[in-house]
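In this text the structure is predicted, and so the values were computed from the model without any measurement.
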Amino acid sequence: MKTVIISCFDTYLERVRLLKEFYREAGDDVTVMLSNYSHREKRYITSYENVDQFVAAKKYKRNLSVARLKSHYDFSKKIYHKLIELKPDRIHCLIPANSLAKFVSKYKRENPSIFLIFDIIDLWPETMPIGNMKYHFPFSLWKNIRDNNLSYADVIFSECQLFTEILHSYNEQLMIKTLRWAKDDTHLFDIENVKLNTDISLCYLGSINNIIDIDMITDLCAKINLLKSTTLHIIGTGESKQELLDKLIDKNVNFIDHGLIFDPVEKQRIFNQCQYGLNIMKDTVCVGLTMKSLDYLCAGLPIINTIKGDSERFCETNQIGLNLTTQNIDKVVEEIVSELPQDNLIKRQNANNLFIKQLSKESMFLRLKNILLHKNS
């Protein structure tokens, strides 16, 4: 079987890599098509491991701009013509860009025998921190480009249960299966290597941008620091990083800026000395699971979490961390400060167990096999 995997964004490449591995193991001839313009770095790219074809896209600088939408629309139109050339038996298309739903559905309507999968990795405009604007024109038109074409898919995946519930609220007839974010287990977590001291160490991993709740992060760290010496380890970069550092300085919170770290052994060393990882985004962001939380859980690091849906439920039912709100911040601070080391170790084991059972590569492949090969789903 000839399978084509489509992604507009290099930020989704970990999922693309796993999908390519899965389909190849199933015996498929797999082609991965990706935009040649890096959303992450805002530059053109010519090579990426596991990418077979780069499709030309127009450059843009601002994430929320007409230029970006035009770039995505043009890219999606070119994908349609690439599909005509490749004549795949199966298409696994990651959404967004929303315009991909329009043009890939067009190809499906013209070739009804192909097996089409839409994989919802993000909901635009729902996940954008733009307030109630997202529910009105022109954002409603942008949303409808996606929603009006989803029904042409044979299967719809979504990367978290929250997205599944939202999409079902629009159209309960859609066949949607949750296929959560996943990653390879680095097998570096060993509870014997955890080295906690009497002070509090927290970790923030990932991009520091406009959807991160910097005020919540700094308020939390400052409140803990009043009761027990606190250090925030920062692994990552982003356009809002200096704002975070400035506010930590203003609140007299110690931090260690590690910058970008790609070595999993070095990241695990930092995680092993921290009590919690911060999974904190603005309340207006609609997302159920983050890639940073997978890194934390794989490493056996409990989370302090503001994310609704999947992450919130995991904290409640699997005891992998603490759910944080503006209303309960003092209670969370007290729990962190008074927590016994053995209780933190229990949360760490719970976190790693949850990762293995629901967020690892093996769990993702089993889920895909059960659905796509018509076994129990």
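- T218 contributes a side-chain N or O that, together with a main-chain N or O of D215, makes up a donor-acceptor pair within less than 3.5 Å.
- Heavy atoms from other residues, nucleotides or ligands lying under 6.0 Å from CZ of R269 number more than 12.
- For the pair T186 and C298, the minimum side-chain heavy-atom distance is below 4.5 Å.
- The two residues D199 and Q275 come nearest to each other via the heavy atoms O-NE2, 3.0 Å.
- Of the charged side-chain nitrogens involved, none lies within less than 4.0 Å of a carboxylate oxygen, so that R90 and D154 do not count as a salt-bridged pair.
- Checking side-chain atoms of T306 against main-chain N and O of M281 turns up a donor-acceptor pair under 3.5 Å.
- Clustering ILVMFWY residues whenever any of their side-chain heavy atoms sit less than 4.5 angstrom apart, transitively, puts Y44 in the very cluster that holds L13.
- Counting heavy atoms from C-beta outward, L116 and Y107 have side chains that stay 4.5 Å or more apart.
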Item to check | Step-by-step side-chain contact (heavy atoms from CB on, under 4.5 Å) determination, F22 to L18 | outcome: CA-CA 6 Å; F22 172 80; L18 293 178; over 6 Å; no
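- Nearest heavy atom pair, residue I145 against residue S99, reads CG2-CA, 3.9 Å.
- Ring orientation note: the planes of W142 and W124 are tilted relative to one another, at an angle of 30° to 60°.
- At least one donor-acceptor pair closer than 3.5 Å links the side chain of S360 to the backbone N or O of S363.
- Rounding to the nearest 0.5 angstrom, the gap separating the OG1 atom in T178 from the CZ atom in R367 is 6.5 Å.
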Next on the checklist: Checking E21 against R24 for the salt bridge (charged side-chain N to carboxylate O under 4.0 Å, His left out) test, could you report, in this order, the C-alpha distance in whole Å, the side-chain angles of both residues, the deciding distance, and whether it holds?
Outcome noted: CA-CA 5 Å; E21 183 178 337; R24 276 191 164 174; over 6 Å; no
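- The line from CE of M364 to CD of Q358 is 14.5 Å long, rounded to the nearest 0.5 Å.
- To the nearest 0.5 angstrom, I6 atom CD1 is 11.5 Å from K82 atom NZ.
- In terms of heavy atoms, N323 sits closest to E312 at ND2-O, 3.1 Å.
- Side-chain atoms of R180 and Q161, non-hydrogen and from C-beta on, do get closer than 4.5 Å to each other.
- No donor-acceptor distance shorter than 3.5 angstrom exists from the side chain of N50 to the backbone of V16, with no hydrogens or angles considered.
- There is a path of hydrophobic side-chain contacts, each under 4.5 Å, that joins I84 to L100.
- The side-chain heavy atoms of H92 and D119, taken from C-beta on, include a pair separated by under 4.5 Å.
- Here the closest non-hydrogen pair linking S76 and A97 is OG-CB, 4.5 Å.
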Checklist entry - L167 and L123: side-chain contact (heavy atoms from CB on, under 4.5 Å), yes or no, with the steps? => result CA-CA 9 Å; L167 290 169; L123 291 179; 4.0 Å; yes
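- Remark: the backbone N or O of S169 is not paired with any side-chain donor or acceptor of E172 at under 3.5 angstrom.
- Under a hydrophobic clustering in which Ile, Leu, Val, Met, Phe, Trp and Tyr are joined whenever their side-chain heavy atoms come within less than 4.5 Å, directly or via other members, Y152 and V155 fall into different clusters.
- Side-chain contact annotation: Y276 with E339, donor-acceptor N/O pair under 3.5 Å present.
- A side-chain donor from one of R348 and N344 sits under 3.5 Å from a side-chain acceptor of the other.
- The backbone N or O of D219 lies less than 3.5 Å from no partner atom in the side chain of K247, so there is not a single donor-acceptor pair.
- Comment: K78 engages D74 in a salt bridge, judged by a side-chain N to carboxylate O separation of less than 4.0 angstrom.
- Looking only at atom types and distance, the side chain of N279 has a donor-acceptor partner in the side chain of T290 under 3.5 Å away.
- Not a single side chain to side chain donor-acceptor pair (under 3.5 Å) links E192 to another residue, sequence neighbours left out.
- Between atom CD1 of residue I320 and atom CG of residue N352 there is a gap of 11.5 Å, rounded to the nearest 0.5 Å.
- Cation-pi check for K108 over F118 is not met; the charged atom does not lie both under 6.0 angstrom from the ring centroid and within 45 degrees of its normal.
- The environment of CD in E41 is crowded: more than 12 heavy-atom neighbours from other residues, nucleotides or ligands sit within 6.0 Å.
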Next on the checklist: Checking L232 against L278 for the side-chain contact (heavy atoms from CB on, under 4.5 Å) test, could you report, in this order, the C-alpha distance in whole Å, the side-chain angles of both residues, the deciding distance, and whether it holds?
Outcome noted: CA-CA 10 Å; L232 177 62; L278 302 186; 3.8 Å; yes
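- Donor-acceptor pairing under 3.5 Å is recorded for the side chains of Y204 and K292.
- Screening D330, I329, I336 for a side chain to side chain contact (heavy atoms under 4.5 Å, CB included) involving V332 leaves a single residue, I336.
- By the 4.5 Å heavy-atom criterion applied to side chains, V32 and S7 are not counted as neighbours.
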Next on the checklist: Test side-chain contact (heavy atoms from CB on, under 4.5 Å) on H39 and R68; report intermediate values, then the result.
Outcome noted: CA-CA 10 Å; H39 171 73; R68 183 184 182 183; 3.2 Å; yes
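- Between the side chain of T230 and the backbone N or O of K228 there is at least one donor-acceptor pair closer than 3.5 Å.
- Side-chain N/O atoms of S38 and D10 include a donor and acceptor closer than 3.5 Å.
- Looking only at side-chain heavy atoms (C-beta outward), I235 and H258 come within less than 4.5 Å of each other.
- The 12-atom threshold is not exceeded at NZ of K357, counting heavy atoms of other residues, nucleotides or ligands nearer than 6.0 Å.
- Between Y73 and F103, a ring centre-to-centre spacing shorter than 6.0 Å is recorded.
- Here the closest heavy-atom approach between residue L150 and residue I120 is recorded as CD2-CD1, 3.9 Å.
- Relative orientation of the Y12 and W181 rings is tilted, given thresholds of 30° and 60° on the angle between their planes.
- The hydrophobic clustering, which links ILVMFWY residues whose side-chain heavy atoms are closer than 4.5 Å, places V194 and I356 apart.
- With ring centers used as reference points, Y60 lies under 6.0 Å from Y37.
- Cluster membership check: L227 shares its hydrophobic cluster with L324, using side-chain heavy-atom separations under 4.5 Å among Ile, Leu, Val, Met, Phe, Trp and Tyr.
- Nearest heavy-atom pair, I307 versus V287, reported as atom, atom and distance to 0.1 Å: CG2-O, 2.9 Å.
- Looking at heavy atoms from C-beta onward, L86 lies in side-chain contact with M33 at the 4.5 angstrom threshold.
- In this structure, CG on L322 lies 9.0 Å from CD1 on I303, to the nearest 0.5 angstrom.
- Between E334 and K331, no side-chain nitrogen of the basic residue sits less than 4.0 Å from a carboxylate oxygen of the acidic one, so the salt-bridge criterion is not met.
- Other residues, nucleotides and ligands contribute over 12 non-hydrogen atoms within 6.0 Å of the NZ atom of K42.
- Salt bridge status for K361 with D184: present, with a side-chain N to carboxylate O gap under 4.0 Å.
- With a 4.5 Å cut-off on side-chain heavy atoms, P96 and H72 do not count as touching.
- Between the side chain of D310 and the backbone N or O of C160 there is no donor-acceptor pair closer than 3.5 Å.
- Surrounding CG of D89 are more than 12 heavy atoms belonging to other residues, nucleotides or ligands, all under 6.0 Å away.
- The pair E165-R313 meets the salt-bridge criterion, with a side-chain N (NZ, NE, NH1 or NH2) lying under 4.0 Å from an Asp/Glu carboxylate O.
- We find the CD-CD1 distance between E266 and I261 to be 5.0 Å, quoted to the nearest 0.5 Å.
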